[in-house]
There are 2 protein chains.
Amino acid sequence: MSNKDHNSSEQPVPEDACNRLLDAAEKLFCKKGFHAVSVRELTTGAGCNIAAVNYHFGGKEKLYTEMFRRQFETMIQGHLEAIDRVMSEPNPSLEKLLWAVMEPPIRRVMNNETGGKILRLLVREVLDQKIDSEYIARDIKEKLFDRLGQVFMELVSGLPEEKITLIVMSFDGVILHPFLFMEFYQKTIPGLTVEQLIEHMVKFVASAIRGYAKS
Amino acid sequence: MSNKDHNSSEQPVPEDACNRLLDAAEKLFCKKGFHAVSVRELTTGAGCNIAAVNYHFGGKEKLYTEMFRRQFETMIQGHLEAIDRVMSEPNPSLEKLLWAVMEPPIRRVMNNETGGKILRLLVREVLDQKIDSEYIARDIKEKLFDRLGQVFMELVSGLPEEKITLIVMSFDGVILHPFLFMEFYQKTIPGLTVEQLIEHMVKFVASAIRGYAKS
DNA sequence: ATGCATTTCAAACGACTGTTTCAAACAATA
DNA sequence: TATTGTTTGAAACAGTCGTTTGAAATGCAT
């Protein structure tokens, strides 16, 4: 992992083979899934030799796992920071929280930016059961879902504590949907903007949670 | 496709190789995905020779497509019939409708019955983009989602028509979630019953929709 | 039973898979 | 410059993939 080049001007850091492979892995695995991507596809995509995958990562599967782990933790961290940011503001509300949690990832997926397909990756992982799903599940539950349930109860009084986990689950379902079916959204509702979509989701989930509190 | 056997007693119709292959395809493709299942796995699972896949269907891909088409249409039909059943009853309500649409598939997936993994298959298909997703999307939209939006408006007055599609989308997200993460549900909420889960989802979605109507 | 079409079977096909090999190129230290 | 450790390269590896083949088996009407 050397850095002979002085990285003089415009080029935004020429990555080494290791990171180029991780980038190509993210793009290709997210789009086509583990089995549908060959090592040769990865290496030509990353502009390096076939042997690089085994040299740097010890195999195709290890590269996949490493890529997944990084994306996964980035996602969890992003959500947690968004929650903390809202909750430390003067007048936190359920709507502000929902907006803060939903907006960044939705914006990424609608603009086809990097990291916008993490949830697709996660769903694919659950479907394929490649990585030990215990690890993923425990992380999501303990780090993210429990925290979400906690702030929901802080922001909305009267929520039944024993139903909080289910509420967070359904909230997750609402978020997940546009991630999986974004193309469907854009074909079915032409001209749909990020703001319209997020506004709808915030309204939908907020109504659901507040309705839950009243009964 | 002969039927020499008189199908005398207890055996519930010994299927021919064609249908045995379709059954094995449903089970294996749903569980592991297209690329992760080999033709040899399929044929040994169906109890027939390797060549049978190419003889009867013309290849692995054709078998997959045929299996998907059948499962997909079965699902759509089941939902439409549930909707019509509720709407033709004396006092239809939003809650009754939601319950009727959600209960059968959720019960199937929680009891690990056949057909309980259709939605997993559909999501996998969207992720892998193997079948022309135009066809799937158009079918779901025109046959199912439009009908759902229509009955939502009949049952709840004051719903903004331009938001109906988005509402149906989020409703779909809530349904989809336990399909994808049923194991997660059962580990996170031990002793969760079908009734509890459906009751929650009905309450969540009904609150969301009614809250939408009020604003 | 005879002839014909359908279905099954074991075996082999070429193509592609992930991985390994080992020599060449490179970087850094002395 | 000589030496060391690290990284890349082209080629080949053994294995599996989906598909094809042609002969054997079967079903069914004549």
Side-chain angles (χ1 to χ4, degrees), chain A residues 1-8 13-68 124-125 128-131, chain B residues 1-8 11 13-29 31-68 124-125 128-131:
Chain A
M1 308 217 183
S2 64
N3 228 354
K4 138 171 121 179
D5 53 281
H6 294 180
N7 200 5
S8 45
V13 181
E15 294 178 308
D16 56 9
C18 224
N19 286 312
R20 291 204 314 271
L21 273 173
L22 282 168
D23 290 346
E26 183 200 339
K27 186 163 64 173
L28 290 169
F29 283 141
C30 281
K31 195 198 296 185
K32 318 208 300 179
F34 180 80
H35 288 100
V37 178
S38 70
V39 176
R40 284 160 181 86
E41 243 177 309
L42 285 165
T43 49
T44 59
C48 61
N49 192 266
I50 318 181
V53 166
N54 288 279
Y55 178 77
H56 288 289
F57 296 93
K60 181 189 175 187
E61 190 122 8
K62 301 263 186 64
L63 167 58
Y64 174 83
T65 306
E66 178 63 17
M67 180 271 302
F68 182 84
R124 199 189 284 279
E125 191 46 48
D128 291 349
Q129 317 220 31
K130 175 161 300 303
I131 297 176
Chain B
M1 309 215 185
S2 65
N3 227 355
K4 139 171 121 180
D5 54 282
H6 295 179
N7 199 4
S8 45
Q11 286 291 2
V13 183
E15 292 178 311
D16 56 10
C18 226
N19 284 312
R20 290 203 315 270
L21 273 172
L22 282 168
D23 289 347
E26 182 200 341
K27 186 164 65 174
L28 290 170
F29 282 141
K31 196 198 296 184
K32 319 209 298 177
F34 181 80
H35 288 99
V37 178
S38 70
V39 176
R40 285 161 180 84
E41 241 177 311
L42 285 165
T43 49
T44 58
C48 60
N49 191 266
I50 318 179
V53 166
N54 288 278
Y55 179 76
H56 288 290
F57 296 94
K60 182 189 176 187
E61 192 123 7
K62 301 263 186 66
L63 167 58
Y64 173 83
T65 306
E66 178 62 19
M67 179 272 302
F68 182 85
R124 198 189 283 281
E125 189 48 46
D128 291 348
Q129 318 221 33
K130 175 160 300 302
I131 297 177

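Naming convention: chains lettered A, B, ... in sequence-line order (proteins, then strands); numbering from 1 in each chain.
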Terminal axis angle for the helix from C:dA1-D:dT30 to C:dA30-D:dT1, five pairs an end, nearest 10 degrees:
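Roughly 0°, once rounded to the nearest ten degrees.
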How many Å lie between [atom1] on [X] and [atom2] on [N], as a whole number?
X	N	atom1	atom2	value
B:Leu21	C:dT7	CG	P	13 Å
A:His56	D:dG9	NE2	C1'	12 Å
A:Leu28	C:dT17	CG	P	13 Å
B:Phe57	D:dG18	CZ	P	16 Å
A:Leu63	C:dT19	CG	P	10 Å
B:Asp16	D:dT26	CG	C1'	15 Å
B:Tyr55	D:dA23	OH	P	17 Å
A:Leu42	C:dT19	CG	C1'	14 Å

Can you list everything that forms a side chain to side chain donor-acceptor pair (under 3.5 Å) with A:Asn19? Sequence neighbours excluded, please.
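A:Asn19 satisfies side chain to side chain donor-acceptor pair (under 3.5 Å) with A:Asp16 only.
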Contacts of type side chain to side chain donor-acceptor pair (under 3.5 Å), residue A:Lys27, not counting sequence neighbours:
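A:Lys27: no side chain to side chain donor-acceptor pair (under 3.5 Å) contacts found.
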When we call it a touch if two heavy atoms are under 4.0 Å apart, what does A:Ala17 touch: a base, just sugar-phosphate, or nothing?
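Sugar-phosphate contact only.
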Generate the contact string for nucleotides 11-17 of chain D. Rules: B means base contact, S means sugar-phosphate contact only, - means no protein heavy atom under 4.0 Å.
-B----B
Are side-chain heavy atoms of B:Glu125 and B:Tyr64 found at a separation under 4.5 Å?
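Yes. Closest side-chain heavy atoms under 4.5 Å.
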So do the side chains of A:Phe57 and A:Thr65 get within less than 4.5 Å of each other, counting heavy atoms only?
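No, every pair of side-chain atoms sits at 4.5 Å or beyond.
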Between [atom1] of [X] and [atom2] of [Y], what distance do you get to the nearest 0.5 Å?
X	Y	atom1	atom2	result
A:His56	A:Leu63	NE2	CG	11.0 Å
A:Leu28	A:Asp23	CG	CG	10.5 Å
B:Arg20	B:Glu15	CZ	CD	8.0 Å

Sequence neighbours excluded and cut-off under 3.5 Å, please list the side-chain donor-acceptor pairs for residues 33-40 of chain B, or say none.
from	atom 1	to	atom 2	distance (Å)
B:Ser38	OG	B:Glu41	N	3.1

Taking salt bridge (charged side-chain N to carboxylate O under 4.0 Å, His left out) as the cut-off, I'd like each qualifying pair that reaches into residues 49-64 of chain B, sequence neighbours left out, listed once.
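For residues 49-64 of chain B: B:Glu61-B:Lys130.
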